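Values in this document were obtained by computation on a predicted structure and should not be read as measured data. Values below: all heavy atoms of this structure, side chains included; hydrogens, waters and symmetry mates excluded. Proteins come first, then strands; the chains are lettered A, B, ... in the order of their sequence lines, and each starts at number 1.
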Amino acid sequence: MAIEKTPELMDKLVSLCKRRGFIFQSSEIYGGINGFWDYGPYGTALKRALEKLWWHEMVESRMNVEGLDSTIICHPKVWKASGHLDKFGDLMTDCRDCKSRHRVDQMEDESVCPNCGSKNLTEPREFNLMMKTYVGPVSDEDHVAFLRAETCQPIFVDFHQVRIAARQKLPFGIAQVGKAFRNEINPRNFTFRSREFSQMEMEFFCAGEEDMQWYEYWKDVRINYCKEKLEFAEDEIRIHEHEQLAHYAKAAIDIEFKFPFGWGELEGVHHRGTWDMSRHQEFSGEKLEYFDQDNNRHFAPTVIETSVGLDRTCLAMLCHAYDEDMAETQKEGMDKDVRVVLHFPAKVAPVQVAVMPLSKKLGDEAENIYKIVRESYRSEFDITGNIGKRYRRQDEIGTPYCVTFDFDSREDNKVTVRHRDTMNQDRVSIDQLKQYFADKI
RNA sequence: GCGGGUGUAGCUCAAUGGUAGAGCCCCAGCCUUCCAAGCUGGUCGCGCGGGUUCGACUCCCGUCACCCGCUCCA
């Protein structure tokens, strides 16, 4: 990497994301809305590629993980059982003097700050991270529902249905990708903390005595995924072992990424014990135990969870990929120019191959190549401006390969493949092009 | 949510209480046959809402958004 990942890099990245259509503010023409972000053409391609990679690794390439796509709105009792509603239903007040925050129901005197004794307090406010809505045409308290705050709860709720339909025995997992919503107090750091975001979660159900074995297994799988599939460097990620565990957890790690604004959680591997399943059993009155035929016993499954923030993965990938180097230029009065490059792994790059004619006169022939390439890869055709400019455009969106059809191509049926990272070029026969990329992508 | 800062074109930034400018980008044409070249032309803007004023991008109030610090993060 030619540049350091300083906090100022975020500004450049946010600007690049907007300019080139990766990510920009939601509802921008109305002034934007805090904590919500839209993905443009390249951002969508990146996000879908990352999702697809995860789904393939976690579901499609395994016999013991099944897919689920549940609703965003569930029965309100789901969130009662999960603890989300009670945990964040408190009235809170802030002290304007010492900046501390307190639960009103725990204060001796509701008008005095327990920390510094000041009476300069904000009005008590309800503090619930769950997004509230109403189901049906009547907006009253009897019709309140919530947007899910995490995608895993419906997995627990649907456990038996999935297990029976898929004829799975323990141990096995259920995976889901989807939106989750949290009324974050303070969305910050671009898309890192948003109010609407995508999660990729897998809940692995096993017998209590095998729990740590599976916990260690998934921990290794997920860490290796970050290193090998996402190609994050050793010094870009670290493992954070939880010392203070959540009420439900027996063991937990976070995989953190070194963002320009500091270390931030990308993914968690959490041992959730039998807490969720027991709670849903208690609140629903339905038996959620598993019957182990081999040992003729009933038990509540223990859950090992892997939970990834998809938007955070996108952001981490952008931070990881961003680089600038000095390149030669033909601009008058300058002999060097800054080249912005996104070093995406080829399999997740929004555009994997860009096809372009050296001259507009070669447009038709080049377009025919493009039509072949796009059958197999995310591709783009560009005919505007000179060839150098088009290479730089592709560098900036992280396209690993550019294919150029030139005047010689008509004679020798070969095209130039230009590499993003090295700017080197290969001469490749058109009929071998598919195989050439199959080897590289 | 608290404190501070910032909002002018897609981006980076000017200017002015009296019709808003540049560079880059983008588009078209010419030229150019492998790394943002050159020439010509073109598109696009004062975050939003009030107020003061003959007149507000400029001054005042509010609001929204973004950035920094604190706080929060089951």
Query raised in the report: Which value, in whole Å, describes the distance between the P atoms of nucleotides B:U53 and B:U12?
Result: 37 Å
Report yes if a side-chain nitrogen or oxygen of [X] is closer than 4.0 Å to either non-bridging phosphate oxygen (OP1 or OP2) of [N]; otherwise report no.
| X | N | result |
| --- | --- | --- |
| A:Asn386 | B:A37 | yes |
| A:Ser359 | B:U32 | no |
| A:Lys360 | B:G29 | yes |
| A:Arg393 | B:C25 | no |
| A:Lys389 | B:C35 | no |
| A:Lys361 | B:U32 | no |

Tell me whether the side-chain N or O atoms of [X] pair up with the base of [N] as donor and acceptor below 3.5 Å, since no angle test is needed here.
| X | N | value |
| --- | --- | --- |
| A:Tyr30 | B:C48 | no |
| A:Asn34 | B:A65 | no |
| A:Arg339 | B:C35 | no |
| A:Asp406 | B:C34 | yes |
| A:Thr416 | B:C34 | yes |

**Report entry** Mate of B:C2 where both pairing distances stay under 3.5 Å, Watson-Crick or G-U
**Finding:** B:G69
Query raised in the report: Using purine N1 to pyrimidine N3 plus N6-O4 or O6-N4 for Watson-Crick, or N1-O2 and O6-N3 for G-U wobble, each under 3.5 Å, what pairs with B:U12?
Result: B:A22
Requested in this report: Assign each of A:Arg427 and A:Glu184 to its nearest nucleotide of RNA chain B by heavy atoms, then name whichever residue's nucleotide is nearer the 5' end.
Outcome: A:Arg427
Report task. Give a yes or no on whether a salt bridge exists between A:Glu324 and A:Lys12, defined as a side-chain N under 4.0 angstrom from a carboxylate O. Result -> yes
Query raised in the report: Taking atom types as modelled, is there a side-chain donor on A:Asp38 or A:Gln25 under 3.5 Å from an acceptor on the other?
Result: no
Report task. For the residue pair A:Thr416 and A:Gln425, confirm or rule out a side-chain donor-acceptor distance under 3.5 Å. Result -> no
Query - Sugar-phosphate, base or nothing in reach of A:Arg390, heavy atoms under 4.0 Å - result: nothing
**Report entry** Contact check, side chains of A:Phe197 and A:Lys179, non-hydrogen atoms, under 4.5 Å
**Finding:** no
